[in-house]
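Being a predicted model, the structure only gives us computed values, none of them experimental.
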Amino acid sequence: MPILTTAATAQGGRSGHVRSADDLIQLDLAMPGDGQEPEGKTNPEQLFASGYAACFDGAYGLIAKKAGKEVESKTTAHVSLEKDQEDDGVKLSVKLVVEVTGVSQEEAEDLLEKAHNFCPYSKATRGNIDVALEVKSQNKL
């Protein structure tokens, strides 16, 4: 039984519009390609990066709390479109960068691996796309 079910509808593909079922998200989309983001428009990669960053940062905080650690963290998801040699198409890759205070670098790395095993986005992407992980502890512990 689902804990949460939500929906979003896209019309017009990468040059169209996306809207969440509750209308909180209503965004025009633009086709990436020339290296510049069209003003006032987004793309599926930005939306995926936003969701993955938020989910992973929440997972990191929860894993830290379960380990009895008080941390503050910030996660940035760098999502890239890359050439796919297998089918001459494109594929996604992700680099997650976590900045954290409250733990040593070693503890931060341990929490990073545990969060990656726990995060629903990480579970969904595991074995499907390349995901690189990086953590930077801001503490000198």
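- For the pair Arg126 and Val131, the minimum side-chain heavy-atom distance is 4.5 Å or more.
- The ring-ring contact (aromatic ring centres under 6.0 Å, His included) check on Phe118 picks up nothing, with sequence neighbours excluded.
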Enumerate, atom names and distances included, each donor-acceptor pair closer than 3.5 Å involving a side-chain atom of residues 61-70, sequence neighbours excluded.
{"unit_1": "Lys69", "atom_1": "NZ", "unit_2": "Glu107", "atom_2": "OE2", "d": "2.8"}

Please tabulate, one pair per line, all N/O donor-acceptor pairs under 3.5 Å involving side-chain atoms of residues 6-15, not counting sequence neighbours.
{"unit_1": "Arg14", "atom_1": "NH1", "unit_2": "Glu45", "atom_2": "OE1", "d": "3.1"}
{"unit_1": "Arg14", "atom_1": "NH1", "unit_2": "Glu45", "atom_2": "OE2", "d": "3.4"}
{"unit_1": "Arg14", "atom_1": "NH2", "unit_2": "Glu45", "atom_2": "OE2", "d": "2.5"}

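- For residues 112-125, the salt bridge (charged side-chain N to carboxylate O under 4.0 Å, His left out) pairs, not counting sequence neighbours, are Asp110-Lys114.
- Here Arg19 pairs with His17, Asp23, Gln26 under the side-chain contact (heavy atoms from CB on, under 4.5 Å) rule; sequence neighbours left out.
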Subject >> side chain to side chain contact (heavy atoms under 4.5 Å, CB included) between Asp28 and Thr42, worked out >> reply: CA-CA 6 Å; Asp28 290 326; Thr42 189; over 6 Å; no
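- Taking the side-chain contact (heavy atoms from CB on, under 4.5 Å) definition, one finds that Glu134 meets it with Lys95, Val97, Lys136, sequence neighbours left out.
- Here the straight-line distance linking atom CG of Leu133 with atom CG of Leu112 works out to 4.5 Å at 0.5 Å rounding.
- Remark: Ser73 engages Asp57 in a side-chain hydrogen bond (donor to acceptor under 3.5 Å, both in side chains) (not counting sequence neighbours).
- Contacts of Glu82 classified as side-chain contact (heavy atoms from CB on, under 4.5 Å), with partners at least two apart in sequence or in another chain: Ser80, Lys91, Ser93.
- Evaluation of the side-chain contact (heavy atoms from CB on, under 4.5 Å) rule for Asp22 yields Ser20, Leu24 as partners, not counting sequence neighbours.
- Side-chain contact between Asp130 and Val94 is absent, with no heavy-atom pair separated by less than 4.5 Å.
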**OP:** Kindly determine whether Ser122 and Tyr52 satisfy side chain to side chain donor-acceptor pair (under 3.5 Å), including the steps that lead there.
**Re:** CA-CA 8 Å; Ser122 291; Tyr52 202 165; 2.8 Å; yes
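- From Glu106, atom CD reaches atom OG of Ser137 across 11.0 Å, with rounding to the nearest 0.5 Å.
- No side-chain heavy atom of Val90 sits under 4.5 Å from any side-chain heavy atom of Asp84.
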Original post:
Given the rule in the side chain to side chain contact (heavy atoms under 4.5 Å, CB included) test, do Val135 and Val100 qualify, once you have shown the distances and angles that lead to the verdict?
Top reply: CA-CA 7 Å; Val135 65; Val100 61; 3.9 Å; yes
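- Residue pairs meeting the ring-ring contact (aromatic ring centres under 6.0 Å, His included) criterion with at least one partner in residues 55-111, sequence neighbours excluded, are absent.
- Using a 4.5 Å cut-off on side-chain heavy atoms (C-beta onward), Thr76 and Leu96 make no contact.
- Listed by chain and number, the hydrophobic cluster partners of Val18 are Ile25, Leu27, Leu29, Leu47, where partners are ILVMFWY side chains within reach of under 4.5 Å, directly or through others.
- For Asp88, the salt bridge (charged side-chain N to carboxylate O under 4.0 Å, His left out) test picks out Lys83, with sequence neighbours left out.
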